[in-house]
Amino acid sequence: MGKAYGSQSMAGPLQRVLMRSAASAMFRAKASEWHYGPGFDPQKAAAQHQALTTLVLASGAEIEWLTDADDGLADSVFTHDPSLMTDHGAIILAMGKALRLAEPGLHEAAYKRMGVPILGRIEHPGQVEGGDCVWVDSRTLAVGRGVRTNQDGIQQLANLLAPKGIQVYGYDLPLWHGEEACLHLMSVISPLADDLALVHAPLLPAAFYQMLRVRGIRLVEGDAEEFFASNGLSLNVLPTAPREVIAVAGFPKTAAAMAAAGCRVSTFEADALCIACEGGPTCLTRPVLRQ
């Protein structure tokens, strides 16, 4: 039997992934309560999530479903944030958004059901969200320090990973659109392969930018107008294998830049889901096994 978990790469072949259906998570959601935009429509969001699901399955990945409980946790559809997967098990994170505090418990329960060991937990007052965590390589984790992830959380993460030979680097993020909006580190970088990443360089932490250059990672600039028009969602791209990516439809210049760098880009309509709710295909997936 092959390995059931492990992921210290952002773009290795995706084999197992944790998701939650928007049909169960969002059907009673109120846009004003969850800070969603005016384009949010629960039924349309559910259909668009199903389109993403179809693309993920077509890549060959196995989907594990978080829960279908009627719990009212609309943001739990964004499964990338409440946990982090390593080759040694899952780390249960601590959310920086009050409405999401119950979600890490859903992830811990799912991992126990799936047979994935728990390496550790981020404890209060620490906060870390998965969208702030980027594997630069299998022994280097970059973490954005901003509205949703704090220094206490980064230090706890470093303490958990250091015994496994993994270095953790924290980088300051700008406030950008304010505390209610969400700028994660992954809002400004999407790895496309181990040596290739899509970026919006003006918002990258300077020291992180320098690390990427020193490591020989080629940076592809996403179109700036599309980045601002989409509140950064044009840059939120899910690799299902190196240079095989899923992106939100409607941003042809950014898609063309990825294609020119040798990527095959699949897209899905996501105005009611990703654009309205400020979370793209990466946010909607928590890789459990990449190898």
Side-chain angles (χ1 to χ4, degrees), residues 14 17-82 97 99-100 103 106 130-131 181-182 184 186-187 190 192 198 222-223 226-241 244-256 258-259 263-287:
L14 183 64
V17 61
L18 186 64
M19 296 178 68
R20 176 157 193 194
S21 167
S24 78
M26 291 180 148
F27 78 100
R28 290 192 288 114
K30 293 182 173 63
S32 58
E33 179 183 2
W34 289 93
H35 198 260
Y36 296 159
F40 175 63
D41 177 312
Q43 289 184 316
K44 192 174 180 183
Q48 292 177 346
H49 190 272
Q50 183 56 49
L52 171 63
T53 298
T54 299
L55 291 174
V56 171
L57 289 171
S59 77
E62 174 191 4
I63 297 175
E64 299 281 357
W65 293 103
L66 182 65
T67 180
D68 60 1
D70 181 12
D71 53 20
L73 296 173
D75 268 0
S76 66
V77 73
F78 299 113
T79 53
H80 197 83
D81 291 320
K97 182 176 179 178
L99 284 167
R100 303 194 69 182
E103 292 180 39
L106 296 181
C182 182
H184 281 133
M186 290 198 70
S187 302
S190 278
L192 306 172
L198 179 68
D223 181 77
E226 291 181 349
F227 180 85
F228 287 108
S230 66
N231 278 332
L233 271 301
S234 61
L235 211 74
N236 193 290
V237 175
L238 172 68
T240 55
E244 300 274 340
V245 303
I246 299 173
V248 173
F251 305 106
K253 293 179 182 177
T254 301
M258 290 188 283
C263 294
R264 189 173 74 170
V265 184
S266 301
T267 62
F268 69 109
E269 295 294 333
D271 56 326
L273 177 62
C274 297
I275 303 300
C277 305
E278 298 183 9
T282 295
C283 308
L284 291 161
T285 50
R286 164 41 63 198

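Across all non-hydrogen atoms, the minimal contact from A45 to A22 is O-CB, 4.0 Å. Nearest heavy atoms, M186 versus G130: SD-O, 4.5 Å. Considering every non-hydrogen atom in both L233 and G280, the closest pair reads CD1-N, 3.2 Å. The heavy-atom pair separating Q48 from D271 by the smallest distance is NE2-OD1, 2.5 Å. Between C277 and A272 the shortest heavy-atom distance is SG-O, 3.9 Å. When all heavy atoms are compared, the tightest approach of S76 to T79 is O-CG2, 3.4 Å.
Within the 4.5 Å cutoff, the side chain of S21 has heavy atoms near those of the W65 side chain. Residues L273 and L284 have side chains in contact (heavy-atom distance under 4.5 Å, counting atoms from C-beta outward). A 4.5 Å side-chain heavy-atom check between M19 and H49 finds at least one atom pair inside the cut-off. S230 is listed as a side-chain neighbour of I275, based on a closest heavy-atom distance under 4.5 Å. Side-chain contact check for S187 versus L235: every heavy-atom pair is 4.5 Å or farther apart. Taking 4.5 Å as the limit, some side-chain heavy atom of C283 sits within range of a side-chain heavy atom of N236. Counting only heavy atoms from C-beta outward, the side chains of H184 and D81 approach each other to under 4.5 Å. Residues F251 and V265 have side chains not in contact (no heavy-atom distance under 4.5 Å, counting atoms from C-beta outward).
In summary, of the residues considered (D75, D68, D71), a salt bridge (Lys or Arg N to Asp or Glu O under 4.0 Å) with R20 occurs for D71 alone.
Remark: L192 CG to L198 CG distance equals 5.5 Å, nearest 0.5 Å. Atom-to-atom distance recorded for F78:CZ and M26:CE is 4.5 Å, nearest 0.5 angstrom. To the nearest 0.5 Å, atom CZ of residue R100 and atom CH2 of residue W34 are 8.0 Å apart. A distance of 4.0 Å separates CG in D70 from CZ in R28, rounded to the nearest 0.5 Å. To the nearest 0.5 Å, atom CZ of residue R286 and atom CG of residue L18 are 8.5 Å apart. Put simply, OG1 on T240 and CD1 on I246 are 5.5 Å apart, with the number rounded to the nearest 0.5 Å.
Remark: the backbone N or O of N231 is not paired with any side-chain donor or acceptor of E278 at under 3.5 angstrom. Checked by atom type and distance alone, the side chain of E226 never pairs as donor or acceptor with a backbone atom of S234 at under 3.5 Å. In this structure, H80 contributes its side chain and T285 its backbone to a donor-acceptor pair below 3.5 Å. Put simply, the side chain of T267 never gets that close to the backbone of A247: no donor and acceptor are under 3.5 Å apart. Formation of a donor-acceptor pair under 3.5 Å by the E103 side chain with backbone atoms of P82 is not found in this model. Under a 3.5 Å cut-off, the side chain of S24 and the backbone N or O of A69 do not form any donor-acceptor pair.
Summarising the local packing, CD of E62 is surrounded by more than 12 heavy atoms from other residues, nucleotides or ligands at distances under 6.0 Å.
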